[in-house]
Amino acid sequence: MREYDIVIIGGGPAGLAAAIAARDKGIDRILILERDRALGGILNQCIHNGFGLHTFKEELTGPEYAMRYIRQVQERRIEYLLETMVMDISPDKLVTAMNRTEGLFQIRGGAIVLAMGCRERSRGALNIPGYRPAGVFSAGTAQRLVNMEGFMPGREVVILGSGDIGLIMARRMTLEGARVKVVAELMPYSGGLKRNIVQCLNDYDIPLKLSHTVVEVKGKKRVEGVVLARVDEGLKPIPGTEEEYSCDTLLLSVGLIPENELSSSMGVEMNPVTSGPKVNESLETNLEGVFACGNVLHVHDLVDFVSQEAEAAGRNAAKYVLEAAEGEKGRSGSAGRDRSREILLCPEGGVRYTVPVTIDPHRMEEEQIVRFRVGAEYRNCFVGVYFDDERVQHRRRPVMAPGEMEEIKLEKAKLLLHQDLKKITIKIEEA
Amino acid sequence: MEKRELICISCPMGCPLSVELEDGVVTRVTGNTCKRGEVYGTKEVTNPTRIVTSTVEVEGGTVSRVSVKTREDIPKDKMCIWANVRSYRSRLLLACFSMASLIFFMYLV
């Protein structure tokens, strides 16, 4: 049975950054398991630029950003297997995987880093009525087909969903000669970056219809058109507002869902708000030695923050392995982990969730980043952080939106000063 | 005096800019939170440009397409022309291309 100190599930930006960080902390035997034919994850199909502004102070394309990390993995001679699918992970970290050369095999991991990324919500999940004609794709599938496989999904396109993927594909399809007639968005605001509205829609005169949705797909064998309707405050289609658009392709950009089948089946406790695992300050799940980072933990907007988060997971997985090797078992049986010391992070008043959900100040790094998302658009509001009932931070934010992940920082020294701290609340305040 | 409102696209922040012009010459840019915003605001109302990213077909390699981008930003009205031209210009004969080399860039312009 092969054994590795750290087994990383996924060779995209999260898996790569975690591997590099763990190696730099002195861990020798690391293995990345990647199901696609190359490392890089979703970045390989994201040929547009805008990646890496925070990390490298440059605007890179997805493949360029991925290569910066792939190079580092190769320079450090970190092992990886491609076209290898992980089928199962047991709670005691036995990984079952398969590929064409070895068939089915198992690997024992000292620690596991979950970095599987996310998948797209599909038409079935939206219950759009109609026949099932060819020509309905998720935006990401269309992106893969166009950018990597070299196929055009269609020529006359309607896009549902104005998240970044939908906006990026509106531009991409147009540049490849398709006609994108309209982008429909259910909410009264777009989920994507404002820059993408400008450079993907405005630049090409593609109309954006907010508060609209697709109520019918027409066509039997191939899409012939879609029917859009305006929706009310309850997001229900308003009868009488239907408009038909002829097209041969419908692209759906309607949500990303962290891919946590492996996590759930091994008993990892999930956060229903993020659809990702609940983690502590070390990005460790309820299962000792099992860490999570990147889109599998919560869907990110900027890959730079994925890399940052994954580096922390990698460092902590390394720390876990080193502590286990030195036989340092904690007071409560788990290596160094003491649940009675955990402080609960409570998202309130506009804050939908936090990552992490608990913090043990004795185990955190000097500075802890807490990431969160808000549930609506907020202008000229403040982010309030409370240690029990005492407000310790009050930061003004001119604009906050659901589509833009936010963060606050907590200092270990300050937390240690508060004895018996039970609860940290993060909320949005008017003044 | 003319005033134009636009969103800066230099980085993911998307700061709302106000650009003032006098006889077609930019006199003031406000709303930016960094120098790049000022540069963008000035350029966008006088000579808008974009960096264009796309893919080209590969012959003889292990992948069918490679991603490309313009070496520098090009005039906005030339964007679609560039995207079309490059597909006729060259079929790259790239032997021994591995997937990792999707990062290989042809700077075409």
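These values consider heavy atoms only, across backbone and side chains, with no hydrogens, waters or symmetry-generated copies. What you are looking at is a predicted structure, and each value in this text was computed from that prediction instead of being measured.
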Is it true that the side chains of A:Arg171 and B:Thr53 contain a donor and an acceptor less than 3.5 Å apart?
no
Can you tell which part of B:Ile51 gets under 4.5 Å to a heavy atom of chain A, answering side chain, backbone, both or neither?
side chain
Considering residues, nucleotides and ligands other than B:Asp23, do more than 12 of their heavy atoms fall under 6.0 Å from its CG?
no
Tell me whether A:Phe56 at atom CZ has more than 12 heavy atoms from other residues, nucleotides or ligands lying less than 6.0 Å away.
yes
Given a strict heavy-atom distance threshold of 4.5 Å, which part of A:Leu302 is in contact with chain B: side chain, backbone, both, or neither?
side chain
Apply the test side-chain contact (heavy atoms from CB on, under 4.5 Å) to residues B:Met13 and A:Leu193: give CA-CA distance (whole Å), side-chain angles for both, the deciding distance (0.1 Å), then the verdict.
CA-CA 8 Å; B:Met13 276 197 67; A:Leu193 299 170; over 6 Å; no
Chain B interface, residue from A:Asp203, A:Asn196, A:Asn49 that has the most non-hydrogen pairs under 4.5 Å:
A:Asp203
Most heavy-atom pairs under 4.5 angstrom with chain B, which of A:Gly40, A:Gly50, A:Gly150?
A:Gly150
Answer yes or no: are there more than 12 heavy-atom neighbours, outside A:Met405 itself, under 6.0 Å from its atom CE?
yes
Min side-chain heavy-atom separation A:Leu175-B:Val52 under 4.5 Å:
yes
Between A:Leu53, A:Val399, A:Leu82, which residue shows the highest count of heavy-atom pairs closer than 4.5 Å to chain B?
A:Leu53
Nearest 0.5 angstrom please: A:Met148 CE to B:Arg65 CZ, how far?
12.0 Å
So which atom in B:Ile7 and which in A:Arg195 form the shortest heavy-atom distance, rounded to 0.1 Å?
CG2-N, 4.5 Å
Turns out that what part of A:Val146 lies under 4.5 Å from chain B's heavy atoms comes down to backbone
Is the CZ atom of B:Arg50 crowded by more than 12 outside heavy atoms at less than 6.0 Å?
yes
Taking every non-hydrogen pair under 4.5 Å, which of B:Gly14, B:Ser64, B:Cys8 racks up the most with chain A?
B:Ser64
Check the pair B:Thr55, A:Gln45 against side-chain contact (heavy atoms from CB on, under 4.5 Å), reporting the backbone distance first and the verdict last.
CA-CA 10 Å; B:Thr55 57; A:Gln45 65 184 62; over 6 Å; no
Measuring from B:Ser67:OG to A:Asn44:CG, what's the distance to the nearest 0.5 Å?
8.5 Å
Honestly, the part of A:Glu149 sitting under 4.5 Å from a heavy atom of chain B is backbone
Hey, is CZ on A:Arg76 packed in by over 12 heavy atoms from elsewhere, all under 6.0 Å?
yes
